[in-house]
Amino acid sequence: MRARTALLLAAAVPLTATAAAVALKAGAWELAVSRNAIRLSPRPRPNCPDCRGEGGWWSEGLYPGGEMCWCWDRPARTLRLRPVRDPWPDEPPF
């Protein structure tokens, strides 16, 4: 029974990772993982009719500048795993 459970868990991990990667790519999200947090950042949608996956465009005129497309204007999501602590709390900042 334990061997069967271990085998099922060993098969479930790669399958879950593959499914998560496909879902992130389809939803235009970028995954960043560190020791302290997991962060999902938005990416421009590749099938956007306005920017065609570029994420924005440059405006012309008297004051040129970049403009971000609506498809990229989503908030980033962060899940903190551990609190970030200062390793030397009594150390002067210089």
Side-chain angles (χ1 to χ4, degrees):
M1 184 69 167
R2 289 184 185 176
R4 181 179 173 188
T5 304
L7 184 62
L8 284 173
L9 282 175
V13 170
L15 182 64
T16 304
T18 304
V22 168
L24 287 173
K25 191 167 190 120
W29 290 92
E30 181 179 352
L31 178 68
V33 180
S34 70
R35 286 179 13 172
N36 299 323
I38 298 172
R39 184 173 176 86
L40 284 173
S41 302
R43 291 181 32 199
R45 296 180 184 184
N47 58 355
C48 177
D50 295 332
C51 70
R52 296 180 187 89
E54 296 287 325
W57 51 86
W58 287 97
S59 62
E60 301 289 331
L62 185 58
Y63 301 106
E67 293 185 32
M68 192 167 64
C69 184
W70 63 270
C71 72
W72 203 355
D73 192 20
R74 294 174 284 169
R77 311 284 187 212
T78 303
L79 174 66
R80 299 222 182 265
L81 300 176
R82 306 181 341 175
V84 179
R85 289 188 223 139
D86 187 12
W88 299 286
D90 58 346
E91 188 79 17
F94 304 108

Asks: Identify, with sequence neighbours excluded, every residue that meets side-chain hydrogen bond (donor to acceptor under 3.5 Å, both in side chains) alongside Trp57.
Replies: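 Listed in chain order: nothing, the list is empty.
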
Asks: State, to 0.1 Å, how close Leu81 and Ser34 come at their nearest heavy-atom pair, and which atoms those are.
Replies: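 Looking at all heavy atoms of both residues, the shortest contact is CD1-O, 3.9 Å.
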
Asks: Between Cys48 and Trp70, is there a side-chain heavy-atom distance shorter than 4.5 Å?
Replies: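 A side-chain contact exists here, since the closest heavy-atom pair is under 4.5 Å.
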
Asks: Mind checking whether Ile38 and Thr78 have side chains closer than 4.5 Å, heavy atoms only?
Replies: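 No. Closest side-chain heavy atoms not under 4.5 Å.
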
Asks: Quick one, Ser41 and Arg39 - any side-chain contact, counting heavy atoms below 4.5 Å?
Replies: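 Yes. Closest side-chain heavy atoms under 4.5 Å.
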
Asks: Between Pro44 and Cys69, is there a side-chain heavy-atom distance shorter than 4.5 Å?
Replies: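 When only atoms from C-beta onward are counted, Pro44 and Cys69 do not touch, as no gap falls below 4.5 Å.
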
Asks: Identify, with sequence neighbours excluded, every residue that meets side-chain contact (heavy atoms from CB on, under 4.5 Å) alongside Pro42.
Replies: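 Partners of Pro42 under the side-chain contact (heavy atoms from CB on, under 4.5 Å) test: Trp29, Trp72, Arg74, Ala76.
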
Asks: Can you tell me how far apart CD (Glu54) and SG (Cys71) are? Round to the nearest 0.5 Å.
Replies: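 SG of Cys71 is found 10.5 Å from CD of Glu54.
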
